[in-house]
Each structure stands twice: as C-alpha cells, then as structure tokens.
Amino acid sequence: MEMEIRSALTALQGQGKLADGLDMTRLTVEPPRDASHGDMATNAAMVLAKAAQMKPRDLAELLVEEVLKSDLIEAAEIAGPGFVNLQLDKAAWHRLVPHILHSGKAYGDGESGDKVNVEYVSANPTGPMHVGHARGAVVGDVLARLLEKTGSDVAREYYINDAGAQVDVLAQSALLRMREAKGETIGEIPDGLYPGDYLVPVGENLATMDVPKEEAEALTMAKSVALPMMMDMIREDLEALGVVHDFFRSEQALHDDASVDKALDELTSKDLIYQGVLEPPKGKEPPPDWEPSPQTLFKSTEFGDDSDRALKKSDGSWTYFAPDIAYHFDKYQRGYAKMIDVWGADHIGYIKRMQSAVNAITDGEAQLEVKICNLVKLMRGGEPVKMSKRSGSFITLREVVDEVGKDAVRFMMLTRKSDAPLDFDFDLVKDKSRDNPVFYVQYAHARIFSVMKNARELGWQVDDADLATVPLDALEHEAELALVRLLGTYPRMLAAAAQAREPHRVAFYLMDLAAAFHGLWNLGKEELDLRFIQEDDVAGSMARLALIRATALTLRSGFDVIGVTPQDELR
RNA sequence: GGUCCCGUAGCUCAGCCGGAUAGAGCACCGGAUUCCUAAUCCGGGGGUCGGAGGUUCAAAUCCUCCCGGGAUCACCA
C-alpha cells in the first residue's frame, strides 16, 4: 500500500505538480487507530507540505486524485489537518484470508536475515531455579522465538557461573550432605552453606565414591559431582517450562582454556588496561573494610561507563567481570556481532561496563543489548506469597509450573513489559474468566475448533485447502472486516515486537485478536446472519468459516511464538 | 550523589522510533444464553496522560529541568 502512495507522489512529480527531491523519510502509510478513518491513512500531505511549499490540504487533494487511479483503492478522502484516508477495495482484504490459510503457522514469517545471539537464564548452578528466574527464562525464550519467526538466525545460550566462590560453598554443602549420607548427624546446616534438600542426592552420590581425605582435593571432587547434577536439575526445570538452549558455556572452561588471559591481552594491546586504585563508591558510606589498593583496571570510562572497572582483585585473582568479557569476546569470535543478554533487574548497574567491554574488545564491531526483567511478586488470596531464602522456603520455578502449568506461567510472564514489575496471581491463572488472559485466548481458539468440528459433522469440506478456494463476498459486515484487518496487522506486529525486543506485544496482540473474535461470536446471537454456520446458506457459511479458521491459524502462530500449546477443548 | 526504570480512569495496566475525539480489563450501573453454554459479549458514567518549559503543522510519545516511587552503585556473582 505504501507503494501505491509513493508511486502516486512520483507521478505527481512527473506531472510537475509537486516539487522534486522531497524528503520522504517521515512519510508513513499505516492503518489508523480509529477504524472509522478508513483502512489506511497517510500523513504524506502534512509531512511534505512545507518542503513542497504547498498547503497540506491542497497537496492532499492532488494525492487523492492520483491515488484513486489504483484498483486496490476504493475511496480516498482528506481528513483532519491533512491526513489522506484510504478505503481499500473489499477484495484487497479478502485476499488475505486464503493467504493465511495457505501459510498456516508460517503466517507472519519474516526475512530479517539477522544473526543474533541471545543469552538468558544463566542462573548460578548452586540450586533449583526460583520464580524470579522464570521471567527471564520466558522473556529470553520468547524473544529468541520471535527473532526466529521474523527471520533471524538465533543462537540461545546459557552462561554457567561455575567458577566463583559460590561453587566452593556448593561443594562444601555437598560434602556435609555426604557425611550425613554416611550416617553422621549433621544437625542444622551452618550459616553460609546451602541448606536445601536438593543437595541430599548429591551427598548420597558422593557417599558411594572414594572421596580423598585432603580438603582441597575433596572439594574439587565434590564440585565435579555437584555441578553436573545441578545443571541437570536446572535443565529439567527449564524443560518443564518449555525453555531450551542450544549452547552452554562454562565460566571455568574460559579460565582453563586461557580465554580470559587472551581477552586481557586483547585489551592490553589496545592500551585499555592499567594498574590503578579505585575511588570508594560515592553518595553512600564506603564498606567498612574499604581500603584503597592497586588492581588491574579496564578503562571503561572511555566508553561511557561512570568508573573504570576491576578485572583482577588486589590479590591478583580474576574478578567476575574478566571471564564475562572473555565470554562475550568468545561469542563475537564465533560470529555473533549482535548479542542480546537477558538479565534480572539487580544487574542494571552492570550494563554499561559490559557494553563498554564489548565495544572495546571488538573495536565497536559488535553490539550488546541488555534486556532487563524486573521482579515478579507472587500473589495468593490477594496477599504476597512470602519468600524467605534464609528458611529455605522460597518458591521454586518447578512448584509454580506444577501448580498452574507451563502455558499459564509463560503467558502470565508476558502480560507486562519486561522492565516493569509483575504480579503473578495464582488465583487468577487458575480462574476461568475474562480476567485470566490465558484462558481468554485459549477459549477463542477452542471455540473456533468446535465450530469447525460442527461444520465437519454437517459433511462440509472445511480443510484449509478447501476453505482457501471459497469465495468471500459474504464477508462484508464491519465486525468481520475488522477481524480481517486485525489479522492483517499480525506480520507488522511481529516485526515491530522483534525490532523493539518486546515479546510481550505478542501476548497483547493475541488478547486483542481473541477479543475481536469473541465479539463477532456474540454478534451472531443478535444478528443471525453473522452466525458462522447457517445450514441454509452454505456459501456464506464457508466464507465465514474461512475467516475464523484463518483466525485460529493466526492464534496458533502466535501461540507458537510465545511457546504456549493451543487447546482444542476447554470443557 | 551517579546511573537506570516507573508515574496514563477509583484499581491493575496497554499505548511511547510524534499524528486525528488517549485505550483495555477490573470495579460500578443497564442489557444480551440455539454455534463452547452468561467460561462470553454489548452499552453507560469515569482522565490536568506527575509538574513546568521547549521542539513541531501536530506531543502521553522527542528534548531540558523539577517533583514523587523503585532498582542499583564490590576486589560478590
């Protein structure tokens, strides 16, 4: 449609009615928010008026005259300050329905051609995942699906923090459980160790092995046993949520294969490393044990960070930042110039330094985007569910998935934009009502499925291939055309959501689409000729069935993007 | 103090790469049951889009400042 407008403008220029060399970049051709303004609207006259030295309405009149020469455009009128509203020929909309029926789940597929690396979850391998992780997992997973849908080549990665002090704590906790498994009474788990029962099987495993007496060796062995078990547990939890990764990268491996040293060398060769002393943090009391000491620092201030950042501690050991740089450099060397990391809100302060590092080590060739997921507050009976890590009574991801199902968790996590806090209401997601968006959208799909079943029972041929050939002249009611128009915006919505890295838009679209369908359904109660199945009007029925089947396919396509399984029945 | 996010109807929030009268759900009031059933829909009331400037033909949307709420500011991960 944009082509129609642009060619009309070019034609006007050809006729000498419009100045040449106008800046068209701000020109838009879009469906207006208010459907009463027509199918499409363009701001061309207003955007171009000044440069063309014409009044917007005069220019608009010329444009209307020109654009009406197109077959696709039924009517065009000038409105407001100079909008040109276009009404498309009904046939233009009708063409969309068979297109969707032919495309099926592939409807909305794009061809961006980007190559993107998405890193998400990356929870520490020291215990089961809790609900906070679930949001990042869903947002990352759906973002990856969305990017794939719009034509990107996507790698999904998980960075395993298996090298820090927390892993030593894990190993110590596991050794304690080993003693317990051997019959020793261990009493309360001491502060500072992980108290969770999930370490009992790790201890039992260790109890069957020949663990060295010497402490350092015992810890090494405990790590080698505990880490894979923790990762298996995490992978199972993720799988229960329908979340997968293609690639797991170990922090320890980055140390072992000297990737961290190489990253430091790389930055050193760019003269971005020095020995220096950092200022204590401003605006609040310095930590009690603060004392200035020389460390190996990275000049992240040269890339917009507020302070230079430590790569090595004063004792010469690596900080967490260093292997993280090595990891991102590793991604770049594997061919990813576009990286997206999905992080929790507690890492906001870490964004700039990581972006600085990526920028520095790749000479600006690679770009890191960070998607922040804010907190999830679990609600039950109108009250927040108390979560106390100390008592070990925090709610795990697995418990939530087991209680309400993966589809509900996934959908609910997308009912807010990711950087805003989210309430997750247990009562709501189990409710069968309009308030529960998961139910509401599934219900629309199930209703359509049921109608199609009824049509088959009448002996009608309603496979997609049959419906795709049906004449659609009967679709002329405003509510029907509104549904078609909404179906038509699906590919555009996907592309915009992918570009903005906002997976929640897909969920919102599905709710809109479900609402449009439910509305049409109920109209059929009052206006009998809008009922989908009318035995005395087979031709019209087939047209309406084609429409709602296209709706179901679009719902399925959207469900596929957000990783929710469509339900055929909700009874 | 720095950085980032948020402030839109009584409540919970969409909309924000500028566009026409600012939307939805809940709650409130009034209606509608032969297809999946009122598990849904339709209509109604309800708004200084935190405030003040600026840019623009046009600002909830972009820029600046201010107010309020939150997160974060390690040699932790």
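Remember, predicted model here, so these are calculated numbers, not experimental data. Every chain is numbered from 1, with letters handed out A, B, ... down the list of sequences.
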Quick one, [X] and [Y] - any side-chain contact, counting heavy atoms below 4.5 Å?
| X | Y | value |
| --- | --- | --- |
| A:Leu193 | A:Val169 | yes |
| A:Phe449 | A:Pro566 | no |
| A:His255 | A:Pro323 | yes |
| A:Trp343 | A:Ile351 | yes |
| A:Tyr159 | A:Asp324 | yes |
| A:Ile5 | A:Leu86 | yes |

pi-stack flag for A:Phe83 and B:rA20, centroid dist under 5.5 Å, interplanar under 30°: yes

Going by 5.5 Å between centroids and 30° between planes, is there a stack of A:Trp521 over B:rC35? yes

Just compare [options] and give me whichever is closest to any side-chain atom of [X].
| X | options | result |
| --- | --- | --- |
| A:Val47 | B:rC16, B:rA71, B:rG19 | B:rG19 |
| A:Val451 | B:rU40, B:rC76, B:rC35 | B:rC35 |
| A:Arg416 | B:rC75, B:rC13, B:rA77 | B:rC13 |
| A:Glu502 | B:rC75, B:rA71, B:rG15 | B:rG15 |
| A:His504 | B:rC76, B:rG15, B:rA39 | B:rG15 |
| A:Lys525 | B:rC75, B:rA20, B:rA38 | B:rA38 |
| A:Asn522 | B:rA20, B:rA77, B:rC41 | B:rC41 |
| A:Tyr350 | B:rA77, B:rA71, B:rU34 | B:rA77 |

Look through every strand shown and name the nucleotide pairing with [N] as Watson-Crick or G-U wobble, where both distances are under 3.5 Å.
| N | value |
| --- | --- |
| B:rA20 | none |
| B:rG47 | none |
| B:rC4 | B:rG70 |
| B:rC36 | none |
| B:rG10 | B:rC26 |

Nearest-Å distance once atom [atom1] is located in both [N] and [M]:
| N | M | atom1 | value |
| --- | --- | --- | --- |
| B:rU40 | B:rA60 | P | 35 Å |
| B:rG50 | B:rA9 | P | 8 Å |
| B:rU55 | B:rG46 | C1' | 33 Å |
| B:rU64 | B:rA22 | P | 27 Å |
| B:rC73 | B:rC17 | C1' | 30 Å |
| B:rA27 | B:rC35 | P | 25 Å |
| B:rC65 | B:rC29 | P | 48 Å |
| B:rC36 | B:rA58 | C1' | 47 Å |

Send over the distance from [X] [atom1] to [N] [atom2], rounded to a whole Å.
| X | N | atom1 | atom2 | answer |
| --- | --- | --- | --- | --- |
| A:Arg309 | B:rC76 | CZ | P | 12 Å |
| A:Asp423 | B:rC11 | CG | P | 15 Å |
| A:Leu375 | B:rG70 | CG | P | 13 Å |
| A:Asp305 | B:rU3 | CG | P | 12 Å |
| A:Leu570 | B:rU40 | CG | P | 11 Å |
| A:Glu526 | B:rG43 | CD | C1' | 11 Å |
| A:Asp419 | B:rC6 | CG | P | 5 Å |
| A:Glu251 | B:rC76 | CD | C1' | 12 Å |

Is [X] touching bases, backbone alone, or none of the nucleic acid, heavy atoms closer than 4.0 Å?
| X | answer |
| --- | --- |
| A:His347 | base |
| A:Lys417 | base |
| A:Ala41 | base |
| A:Asp162 | nothing |
| A:Ala79 | base |
| A:Asn85 | base |
| A:Ile351 | nothing |
| A:Leu422 | nothing |
| A:Asn124 | sugar-phosphate |
| A:Ser314 | base |

Given B:rC41, is OP1 or OP2 found less than 4.0 Å from the side-chain N or O atoms of A:Tyr440?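 Yes.
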
Any side-chain N or O of A:Asn43 less than 4.0 Å from the OP1 or OP2 oxygen of B:rA20? no

Return yes if a side-chain donor-acceptor contact under 3.5 Å exists between A:Asn359 and A:Gln355, otherwise no. no

By nearest nucleotide on RNA chain B, pick out whichever of A:Phe508 and A:Tyr320 is the more 5' one.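 Of the two residues, A:Phe508 wins.
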
Using heavy atoms to find the nearest nucleotide of RNA chain B for A:Asp306 and A:Ala163 separately, return the residue whose nucleotide is more 5′. A:Asp306

List the steps, then state whether side chain to side chain contact (heavy atoms under 4.5 Å, CB included) holds for A:Met54 with A:Leu18. CA-CA 9 Å; A:Met54 297 174 73; A:Leu18 184 63; 4.0 Å; yes

Here's a test for you: under ring pair (Phe, Tyr, Trp, His ring centres under 6.0 Å), which of A:Tyr440, A:Phe532, A:Tyr443 qualifies with A:Phe517? A:Phe532

